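These notes are about the structure you will find just below.
Quick note on labels: first sequence line is chain A, next is B, and so on, each numbered from 1. The model shown is predicted, which means the values in this text are computed figures rather than measured ones.
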There are 2 protein chains.
Amino acid sequence: MAARPPAEEIIWMRPDRSRPAPRAALSREQIAAAALAVADAEGVDAVTMRRIARELGSGTMSLYRHVRTKDEVIDLIVDAALGEEDRPAGPSGDWRADLHRLAEAKRAVMLRHPWLARAAAGRPALGPNALASTEYALAALAGRGLAMEEAARVINTLNAFVTGFVQTEVEEAAWRRPPEEEGDGGGGDWRERTLPYLQQVLDSGRFPHFTRLVNEAEPYPDTGEAFAWQLRRVLDGLAAAVPE
Amino acid sequence: MAARPPAEEIIWMRPDRSRPAPRAALSREQIAAAALAVADAEGVDAVTMRRIARELGSGTMSLYRHVRTKDEVIDLIVDAALGEEDRPAGPSGDWRADLHRLAEAKRAVMLRHPWLARAAAGRPALGPNALASTEYALAALAGRGLAMEEAARVINTLNAFVTGFVQTEVEEAAWRRPPEEEGDGGGGDWRERTLPYLQQVLDSGRFPHFTRLVNEAEPYPDTGEAFAWQLRRVLDGLAAAVPE
DNA sequence: ACACTTCTGCGTACGTTGTACTCGAGCGTA
DNA sequence: TACGCTCGAGTACAACGTACGCAGAAGTGT
């Protein structure tokens, strides 16, 4: 019955290119680890093939023995980061609590790696860790008489909301920060860059509701609380679709 | 009283750099239009300063007289594309129907410009057209006794869901398409690239629910219908937070 | 009519990026 | 010993964003 490779190790998108390959000073894992470290320390834009190689003390082109393109490196570090998602081993029986916790865990991981939300949004979630997360969510919904297709929809809704939320959350946080110059004394933040334009917008009188929003809303909202609130609303909506 | 400029024209993020400046063969509008055309025709990666200049028959560096960085060009085309969002002039009185229509309009625009969802997700939505959209959404919720902050949350929830959904929608569609080689005869699509890996994953036995999902779910789902369904769920959840 | 200032267009050039190509060295097997 | 792998790495190239500086045109003051 077409004996497939044993279950132990799944090689993310890479049918082995090295058949025996016991030697090899470089490995995909090392490359991924180095790239991940760089991304966390200096942002995903600092991740270049040359930089990874320098970090590993190897030649730039050597990396291509283990990785087809740079994009594959990004695939690797995205899934590696997703692997840090903190979730229990199995579902608790309370699907709503489980999915709530999962969403919070997803957000936490994406805040810990601010480049992650953007990077993950642009590629299929098929890495082992991404799959494990999906598997957990499906397990949380299992046994409730939901068709597989509907369970998938419930999870997709949640994922869309979470990645969408966190993406704007980190983007806004980065936007508030000054453009990252060497220890400048605090001058020149987002206010200076945007206030004149914003003022012009408000004074145009064309956006009265938006003007009220700017004037009345808390300028530094607690985004964690906002996330929890919105997540509850989404789960409320989904609850109607889940029997029991 | 600080008389501000008249309401007529809002210049997106650009306090005038040219004082009289009636001349000028090049303009921000032309640059934005050319860039938008290129993005639509060949994807946002094909938008380069050299390419825009070529399209306009001008020198590359001339563009920088009207635009500070390439990123500003992207700001421009994002907002220009968002300007195509098809929505009525004012709210109808039925907030839920209005927000539903607005979400569908957002999705439609992002599907018409497949690069848009990704590009828009990474920057603050402060362009005139983005603001107009927010203004419409706020208007739809106005007069319902909602605090401004809560109205903003409702809208944020919706926006997060819509951009999140459409981002994975277009990404998945692109992933299904072969890597865009010159008219190849149809061979080598996503199946070839991913099936071996996917098979390995399924056979590993580590993702039983996911395996069931792959086996039971429709391989080519109607994403439009899925969007509508999920949107209704989200609106259901939000409805509980909106009085009346 | 003139000089002077200001703004526009643009050519050149630099540093960085991903990666195709190629070659030599080390190892397993015959 | 010889063959055929695979791995590591150097060189090279095309394409990118954009700093810099100059030429010329348009507007302004005299």
Side-chain angles (χ1 to χ4, degrees), chain A residues 11 13-35 38-39 42-78 115 119 122-123 179-181, chain B residues 11 14-35 38-39 42-78 115 119 122-123 179-182:
Chain A
I11 299 141
M13 274 270 84
R14 198 98 215 282
D16 53 309
R17 187 157 150 191
S18 52
R19 300 289 257 97
R23 62 187 190 283
L26 234 44
S27 74
R28 288 164 68 76
E29 287 71 27
Q30 281 175 38
I31 292 173
V38 171
E42 305 170 36
V44 76
D45 286 344
V47 177
T48 65
M49 297 308 269
R50 286 172 232 263
R51 179 64 192 280
I52 300 171
R54 181 150 59 85
E55 219 70 26
L56 293 171
S58 78
T60 305
M61 294 313 290
S62 310
L63 305 178
Y64 285 95
R65 287 281 164 198
H66 305 268
V67 136
R68 242 185 296 272
T69 67
K70 180 189 169 177
D71 209 59
E72 196 171 286
V73 177
I74 305 296
D75 275 345
L76 251 28
I77 67 172
V78 163
W115 49 269
R123 60 197 71 238
E180 183 88 27
E181 264 133 318
Chain B
I11 299 140
R14 198 97 217 283
D16 52 311
R17 186 159 151 189
S18 52
R19 301 290 256 92
R23 64 188 189 281
L26 234 44
S27 74
R28 289 164 67 73
E29 287 70 27
Q30 281 174 38
I31 292 172
V38 171
E42 305 170 37
V44 77
D45 286 343
V47 177
T48 66
M49 297 307 269
R50 286 172 231 263
R51 179 64 192 280
I52 299 172
R54 183 150 57 86
E55 219 69 27
L56 293 171
S58 79
T60 305
M61 295 312 290
S62 310
L63 305 178
Y64 285 93
R65 288 282 164 202
H66 305 268
V67 136
R68 244 186 295 275
T69 66
K70 180 189 169 175
D71 209 59
E72 197 171 286
V73 177
I74 304 296
D75 275 345
L76 252 26
I77 67 173
V78 163
W115 49 270
R123 59 197 72 238
E180 183 86 29
E181 266 134 316
E182 301 293 281

(message) OP1 or OP2 of D:dC16 versus the side-chain N and O atoms of B:T48: is any pair under 4.0 Å?
(response) yes
(request) For B:M49 and D:dC16, give me the distance from atom CE to atom C1', rounded to whole Å. (result) 11 Å
(request) Counting heavy atoms from C-beta on, name the nucleotide in C:dG18, C:dT12, D:dG21 closest to the side chain of A:R50. (result) C:dG18
(message) Let's see if you can work this out: which of C:dT19, D:dT18, D:dG8 has an atom nearest to the side-chain heavy atoms of A:T60?
(response) C:dT19
(request) Take the protein atom CG of B:L63 and the nucleotide atom P of D:dG17, then report the distance between them rounded to whole Å. (result) 10 Å
(message) Just so I know, are the side chains of B:R123 and B:V78 near enough to count as touching, which here means a heavy-atom distance under 4.5 Å?
(response) yes
(message) Return the OG1 to CD1 distance between A:T69 and A:I74, rounded to the nearest 0.5 Å.
(response) 9.0 Å
(message) Check this one for me: any side-chain N or O of A:S62 less than 4.0 Å away from OP1 or OP2 of D:dA9?
(response) yes
(request) Counting heavy atoms from C-beta on, name the nucleotide in D:dG8, C:dT19, D:dG17 closest to the side chain of A:R65. (result) D:dG8
(message) The side chain of B:Y64 is closest to which nucleotide in this list: C:dG18, D:dA9, D:dT18?
(response) D:dT18
(message) Distance check needed: D:dT18 P versus B:R51 CZ, whole Å only.
(response) 18 Å
(message) Looking at D:dT6, I'd like to know if its phosphate oxygens (OP1 or OP2) sit under 4.0 Å from a side-chain N or O belonging to A:H66.
(response) no
(request) Check the pair A:V47, A:W115 against side-chain contact (heavy atoms from CB on, under 4.5 Å), reporting the backbone distance first and the verdict last. (result) CA-CA 11 Å; A:V47 177; A:W115 49 269; over 6 Å; no
(request) Answer whether the closest heavy-atom distance between the side chains of B:I52 and B:V73 falls below 4.5 Å. (result) yes
(request) Whole angstrom is fine here: how far is it from NZ in A:K70 over to P in D:dA15? (result) 19 Å
(message) Output the rounded distance in Å from CG (B:D45) to P (D:dG17).
(response) 10 Å
(request) For A:L56 and D:dA9, give me the distance from atom CG to atom P, rounded to whole Å. (result) 10 Å
(message) Among C:dC21, C:dG9, D:dG8, which nucleotide has an atom closest to any side-chain atom of A:M61?
(response) C:dC21
(message) Tell me the interatomic distance from B:R68, atom CZ, to D:dA19, atom C1', rounded to whole angstroms.
(response) 16 Å
(message) What is the separation between atom CD on B:E42 and atom P on D:dA15, rounded to the nearest whole Å?
(response) 14 Å
(message) Given 3.5 Å as the limit, does a donor-acceptor pair link the side chain of B:R28 with the main chain of B:H66, or not?
(response) yes
